[in-house]
Number of protein chains: 4
Amino acid sequence: MFEIDPRSATPIYEQIIKKMKELCIKGVLKPGDKLPSVREMSSMIIANPNTVSKAYKELEREGLIETLRGRGTFVSKMVQKKLDEEKIEIIKEELRQIMIDAFYAGISFEQIYQWMKDMNNEFANAFHK
Amino acid sequence: MFEIDPRSATPIYEQIIKKMKELCIKGVLKPGDKLPSVREMSSMIIANPNTVSKAYKELEREGLIETLRGRGTFVSKMVQKKLDEEKIEIIKEELRQIMIDAFYAGISFEQIYQWMKDMNNEFANAFHK
Amino acid sequence: MFEIDPRSATPIYEQIIKKMKELCIKGVLKPGDKLPSVREMSSMIIANPNTVSKAYKELEREGLIETLRGRGTFVSKMVQKKLDEEKIEIIKEELRQIMIDAFYAGISFEQIYQWMKDMNNEFANAFHK
Amino acid sequence: MFEIDPRSATPIYEQIIKKMKELCIKGVLKPGDKLPSVREMSSMIIANPNTVSKAYKELEREGLIETLRGRGTFVSKMVQKKLDEEKIEIIKEELRQIMIDAFYAGISFEQIYQWMKDMNNEFANAFHK
DNA sequence: GTGGTCTAGACCACC
DNA sequence: GTGGTCTAGACCACA
């Protein structure tokens, strides 16, 4: 399904969240699709079940997935996209840091813009609606 | 000089690093400028000298500043800017995450691009050279 | 595991780094081996956990070890061994100083060469490959 | 005469000592030669007179130079070369560290040996007597 | 005055 | 359990 890097500085549960979001945005995972159970997932990516559970709980809290008692976990149909001012400020601040890091890494403005366009394509042009 | 948020999830020493980079890229701090001493800075931002020291050490490792024994710490000339493939991949991956988060926060592609242009201006058009 | 001299002029954290490198090069520590935890090591060598942590961090930065979140620290596979020009110059300069000091200490050229060969044997002929 | 690097991790006074020893061993400075005064030297290499003084004192303690009251400082005629067991052990230990660092930097055994021979030539074959 | 090292002890996130 | 961060306070070498 995807791979996680236990050596990475970002926590494993966060890596799972990110990967799941990516799969959803790319359309690999569609609304209504059933996710692997916590146990299945934990053996697939070689992680502690508690860690997977934590990721699923957070994804559920964010509304991306839903748990149906006894049936399993599914990709949620409702894509909320609430405009949370606080969240937007955080993202803007993160973007600022990326720009600064990119400058020090010698990356050009155009390169970043190109990457963004590529990613938008990759995401099936999820933006622009 | 700048402010630190001790409640933030990002460690104080990282906040210092980010702020310093920003001051440098904006031209507020110029090559050769003397930084506040570890003790001065620690009292300015109300943090432990060790925490400031950790930030300074990391900035030195990255080549942004240099310390002259017994004299203090100074903004370096930054001759490097070597293209580190690994670093570039990390930045690209971070950008990807930003894009994903932005999508879920309901931010438009154009909005992100506008922010990028604004930041480039703010950074005295450090890019493009 | 090894001993540290708290009276030595070389910092404890550097002594740890050196000893660990030596254990690795001698084959006592093999890739994948788990290192003592920071707390274990600190009680073993009677030093502060922070000091051990500093040594581990530096070893990780150099790529000799890697930490798996919440699981511990392990000897890494060491795929790198990239030829860093700057690093090589530093080593050459250090060698020059050794030669000068050896001359003033009355040590012969042959003696140094013999020591080098002995060490190479001790290191399981790590060189020459 | 020579240059010192205020950014280096090795103290300035030690850098001076090393450079002086190197000049002596290379034959640039010969027994009886007059050294620049502390003030001259400090302005030449842009360092604090106290720092130069500290270096001169240490060199005098080691017997490499001599101060004649009111006349100045001169390269000493007596090259002692006392076989100090403790000093020899220290040098051997330093050599061991160099070998370890060289291994991790990917430098070959032959390369080190070649450097040693080159340096010996540079030192006017000071060794081999 | 400067930064570098170390200790003791605390709290936290992650697994 | 693991390592990561932070504080308070100490001592030292260097310039």
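Below, all heavy atoms of this structure are taken into account, side chains as well, without hydrogens, waters or symmetry copies. As the structure is a computational prediction, the values presented were derived from the model and not from experiment. So that the names make sense, note that chain A is the first sequence line, chain B the second, and so on, each numbered from 1.
In this structure the side chain of D/Ser53 never reaches within 4.5 angstrom of the side chain of D/Tyr13, judged on heavy atoms. By the 4.5 Å heavy-atom criterion applied to side chains, C/Val52 and C/Ile45 are counted as neighbours.
As rounded to whole Å, 10 Å separates atom P of F/dG9 from atom CG of B/Asn48. Taking atom CD of residue B/Glu66 and atom P of nucleotide E/dG3, one finds them 14 Å apart after rounding to whole Å. Between the CZ atom of C/Arg61 and the P atom of F/dG3 there is a distance of 16 Å, given to the nearest Å. Rounding to whole angstrom units, CD1 of residue C/Ile17 and C1' of E/dC6 are separated by 15 Å. F/dC11 atom C1' lies 16 Å from atom CZ of C/Arg7, rounded to whole Å. The CD1-C1' distance, from C/Ile16 to E/dT7, rounds to 13 Å in whole Å. Distance C/Gln15 CD to E/dG4 C1': 15 Å, rounded to the nearest Å. Atom CD1 of B/Ile45 and atom C1' of F/dT7 are 13 Å apart (whole Å).
Classification of D/Arg61 and D/Glu58 as a salt-bridged pair holds, one side-chain N sitting under 4.0 Å from a carboxylate O. A salt bridge between D/Arg96 and C/Glu22 is present, with a side-chain N of the basic residue lying under 4.0 Å from a carboxylate O of the acidic one. With salt bridges taken as basic N to acidic carboxylate O contacts below 4.0 Å, one links C/Lys21 and C/Glu62.
Judged by distance alone, the side chain of B/Arg69 and the main-chain N or O of D/Ala9 form a donor-acceptor pair under 3.5 Å.
The phosphate of E/dC14 (OP1 or OP2) has a side-chain N or O of A/Tyr13 nearer than 4.0 angstrom. Using a 4.0 Å cut-off, no side-chain N or O of B/Ser37 falls inside it from OP1 or OP2 of E/dG1. Under 4.0 angstrom from either OP1 or OP2 of E/dG3 there lies at least one side-chain N or O belonging to B/Thr73. For B/Arg69, a side-chain nitrogen or oxygen approaches OP1 or OP2 of F/dA15 to under 4.0 Å.
You won't find any donor-acceptor pair under 3.5 Å spanning the side chain of D/Asn50 and the base of F/dA15, going by distance alone.
Mapping B/Arg71 and C/Glu40 onto DNA chain F by nearest heavy atom places C/Glu40 closer to the 5' end of the strand. Between B/Glu60 and C/Ala47, the residue whose closest nucleotide on DNA chain E is further toward the 5' end is B/Glu60. Comparing A/Thr10 and B/Arg39 by the nucleotide of DNA chain E that holds the closest heavy atom to each, the one mapping nearer the 5' end is B/Arg39.
Between the CE atom of B/Met41 and the CD1 atom of B/Ile46 there is a distance of 13.0 Å, given to the nearest 0.5 Å.
In DNA chain E, the stems built from three or more successive Watson-Crick or G-U pairs (distances below 3.5 Å) are E:1-14 with F:1-14.
No more than 12 heavy atoms of other residues, nucleotides or ligands sit less than 6.0 Å from atom NZ of D/Lys57.
Remark: the D/Thr73 side chain and the D/Glu66 side chain contain no N/O donor-acceptor pair separated by less than 3.5 Å.
Within residues 51-58 of chain D, the residues that have a heavy atom under 4.0 Å from DNA chain F are, in order of number, D/Thr51, D/Lys54.
Shown here for A/Tyr56 and A/Ile65, the closest heavy-atom pair between the two residues is O-CD1, 3.5 Å.
Residue-level contact check: A/Ile12 touches the backbone only, with heavy atoms under 4.0 Å from sugar-phosphate atoms and none from bases.
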